[in-house]
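Read through the structure below, which is laid out as structure tokens, and then see the notes.
Worth saying up front: this structure is predicted, and the values here are computed from it rather than measured. Every number for a ligand or one of its atoms is a count from 1 in the order of the listing.
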Amino acid sequence: MQSSNTAKSGSSQEPGRESQPPQSMQTAQHETSAALPEPHHVELWRRLCIALLEDIRREQYETWFRPTAVRSLDQNRLSIAVQNGFSRDWLQEYYLETVVNTVEKVLGRRLEVEFVVDPECAAAGERETPAPSAETEAPSPPEAAPSKAPPALLPSSDVTLNPRYRFDGFVVGPCNRFAYAACQGVAEKPSQAYNPLFVHGSVGLGKTHLLQSLCYHLLQHTPETRILYLSCETFVNHFIGALENGSIDRFRSKYRDVDMLVVDDIHLLANKERTQEEFFHTFNSLHTRGKQLVLSSDCPPLEIPTLHARLVSRFKWGLVTELDPPCYETRLAILRRKSREQGHEIPDDVARFLADRIDTNIRELEGAVTKLLGFCVLSQKKITLESVRQCLRELFTVRKGLPSIEDIMKIVADRFGVKQAELQSRRRTQAIAYPRQIGMYLARQITRMSLEEIGGHFGGRDHSTVLYGVQKIARLTKQDARTLTHVTELSLELRAHDPESP
Ligand code: ADP
Ligand code: MG
């Protein structure tokens with residue numbers, strides 16, 4: 001396991017711009033001169049870059065990753081050619097973790113990643129690596145032909161629209177037809193069709209995909225629409241920040257001066273009384289002025305823990321629509337679509353085999369396709385049932401392998417000889433606090449939970465306590481060999497815990 005917890009988004013960590021190089025900046029030097037990239041490396045790097053673009057901004061990609069190539073690859077190490085020492089140091093300092101994680105996502109295993117100055121190889125990569133944007137960008141409809149800038153959310157939004165999240169890339173089946181139509185309805189006629197629109201369904205079923213498609217569609221037709229798109233976590237953080245700085249008026253005008261407010265994962269308002277109250281006023285202010293609200297959640301309004309009744313009732317004013325897990329046929333269609341998007345056709349028997357086995361979550365179906373194609377490129381094998389079987393182990397650790405927070409608590413409690421209840425207690429002695437923070441760190445690394453959710457499992461702690469614990473352990477793994485050993489061993493143990501392999 002990597003020691004730092006900066007992997008969540010390499011992008012936001014970049015402190016400053018090109019004018020402030022890392023301290024170790026050196027003059028460009030050829031470290032070695034190697035052969036040009038091999039063709040299957042070119043394909044591999046192209047795929048990695050497409051995946052990277054999900055975590056970093058396009059400008060960052062253009063600046064740092066376009067002029068790069070895979071220089072060599074073996075079982076343990078991926079070596080990436082870069083143009084000069086400056087790029088090497090910068091990438092090393094700010095993007096290493098993101099690249100390592102992307103490699104793991106695409107290839108299904110963690111490799112050591114190094115950046116090596118090799119301008120010839122890097123330049124060859126630049127020529128041969130197609131810009132991922134060109135490939136993943138959905139075609140513009142004819143009426144938008146003279147379009148200038150691509151449609152954009154208000155800059156204070158906390159995402160940019162992902163080009164993969166478009167209506168035409170969404171596979172429609174009985175499980176999601178209604179939600180899909182509702183989102184299209186709002187995109188066509190905001191503030192008229194349904195207000196608010198509330199989309200719920202469990203993780204990985206396409207909520208974010210639909211919300212972003214809605215925004216994109218609307219902006220394509222009426223680019224001047226002021227859409228603020230936020231995760232609930234950001235709303236909460238901004239609100240707390242505004243309270244602390246006494247800038248609540250500015251906060252309010254920012255949230256209320258929009259045509260459409262989209263809040264993804266609104267269930268995270270659970271247990272946050274003051275933020276709920278603020279959101280209630282934001283909601284009213286927008287709704288009475290006929291502004292559109294779009295919300296997503298992992299459960300229906302009534303099931304959001306401690307959500308105030310007046311918010312529950314408001315969330316139900318418009319349309320509440322649910323995404324169900326996909327049926328077999330939809331899973332097949334998604335598998336085909338996803339592999340085609342990545343430039344490959346998968347044979348029918350392979351698609352059926354996967355659709356049979358991965359039956360819960362679309363993100364995992366997608367992950368399986370990505371890994372399978374990555375595996376075939378890497379090992380230069382054809383996509384056959386045989387090759388699927390070979391990489392099955394890895395595929396299915398994705399499927400069932402994510403240890404739950406309960407697994408983490410149990411393993412941590414056993415390891416340190418404390419009770420699980422003590423991890424959740426208020427006690428702050430080092431003998432309890434340290435294992436608790438290790439548990440939080442592992443939960444953050446291994447599960448997809450937010451800081452709040454993790455805090456909830458560790459005795460109702462708030463997100464800043466969890467963040468503090470996670471950061472502390474991340475720091476200790478760099479300074480203290482014992483902590484590094486604890487974290488490494490526990491995470492190996494958790495992953496070994498993996499269920500039956502097929
Ligand atoms: P959620 O927000 O519900 O957790 P996402 O919208 O992030 O889920 O979807 C997870 C992944 O699955 C995304 O990459 C998304 O593009 C893909 N996905 C989900 N539903 C569909 C669908 N019906 N068709 C195609 N891709 C889908
Ligand atoms: Mg989502």
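- Of the listed residues (Leu205, Ile362, Leu365), the one carrying the non-hydrogen atom nearest atom 17 (C) of ligand 1 is Ile362.
- Residue Gly206 places at least one N or O, backbone or side chain, under 3.5 Å from an N or O of ligand 1.
- Residue contacts with ligand 1 for Asn176 involve side-chain atoms from C-beta outward but no N, CA, C or O (heavy atoms, distance under 4.0 Å).
- Lys338 NZ, 2.8 Å is the protein heavy atom nearest to atom 26 (N) of ligand 1.
- No option in Thr225, Leu228, Val159 other than Val159 meets the side-chain contact (heavy atoms from CB on, under 4.5 Å) test with Leu153.
- Below 30°, between 30° and 60°, or above 60°: for Phe283 and Phe315 the angle between ring planes is between 30° and 60°, a tilted geometry.
- Nearest protein neighbour of atom 16 (O) of ligand 1, counting heavy atoms only, is His209 ND1, 2.7 Å.
- Looking at Thr465, its side chain never comes within 3.5 Å of a backbone N or O of Arg461 through a donor-acceptor pair.
- Residue contact check for ligand 1: Gly204 places a non-hydrogen atom closer than 4.0 Å to it.
- A cation-pi arrangement is not found for Arg314 relative to Phe280, the charged atom failing to lie both closer than 6.0 Å to the ring centre and inside a 45° cone about the ring normal.
- Aromatic ring centres of Tyr255 and Phe235 lie closer together than 6.0 Å.
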* Apply the test side-chain hydrogen bond (donor to acceptor under 3.5 Å, both in side chains) to residues Asp264 and Ser296: give CA-CA distance (whole Å), side-chain angles for both, the deciding distance (0.1 Å), then the verdict. => CA-CA 5 Å; Asp264 205 355; Ser296 83; 2.4 Å; yes
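- By the 4.0 Å heavy-atom criterion, Pro326 is excluded from the residues contacting ligand 1.
- Taking the six-membered ring for Trp and thresholds of 30 and 60 degrees, Phe65 and Tyr95 have ring planes more than 60 degrees apart, a perpendicular arrangement.
- Heavy-atom proximity to Val203, at under 4.0 Å, picks out these atoms of ligand 1: 4 (O).
- Taking backbone and side-chain atoms together, Ser296 has no N/O/S atom less than 2.8 Å away from the Mg ion (ligand 2).
- Remark: ligand 1 and Val171 share an N or O pair separated by less than 3.5 Å (distance only, no angle test).
- The single protein non-hydrogen atom nearest to atom 14 (O) of ligand 1 is Glu366 OE1, 2.4 Å, given as residue, atom name and distance.
- Each of Val258, Asn195, Asp257, Leu286 was evaluated against Lys291; a single residue qualifies, Leu286, per the side-chain contact (heavy atoms from CB on, under 4.5 Å) test.
- By the 4.5 Å heavy-atom criterion applied to side chains, Phe198 and Thr321 are not counted as neighbours.
- Protein heavy atom in closest approach to atom 7 (O) of ligand 1: Arg363 NH2, 2.9 Å.
- Each of the following atoms of ligand 1 lies closer than 4.0 Å to a heavy atom of Gly169: 24 (N), 25 (C).
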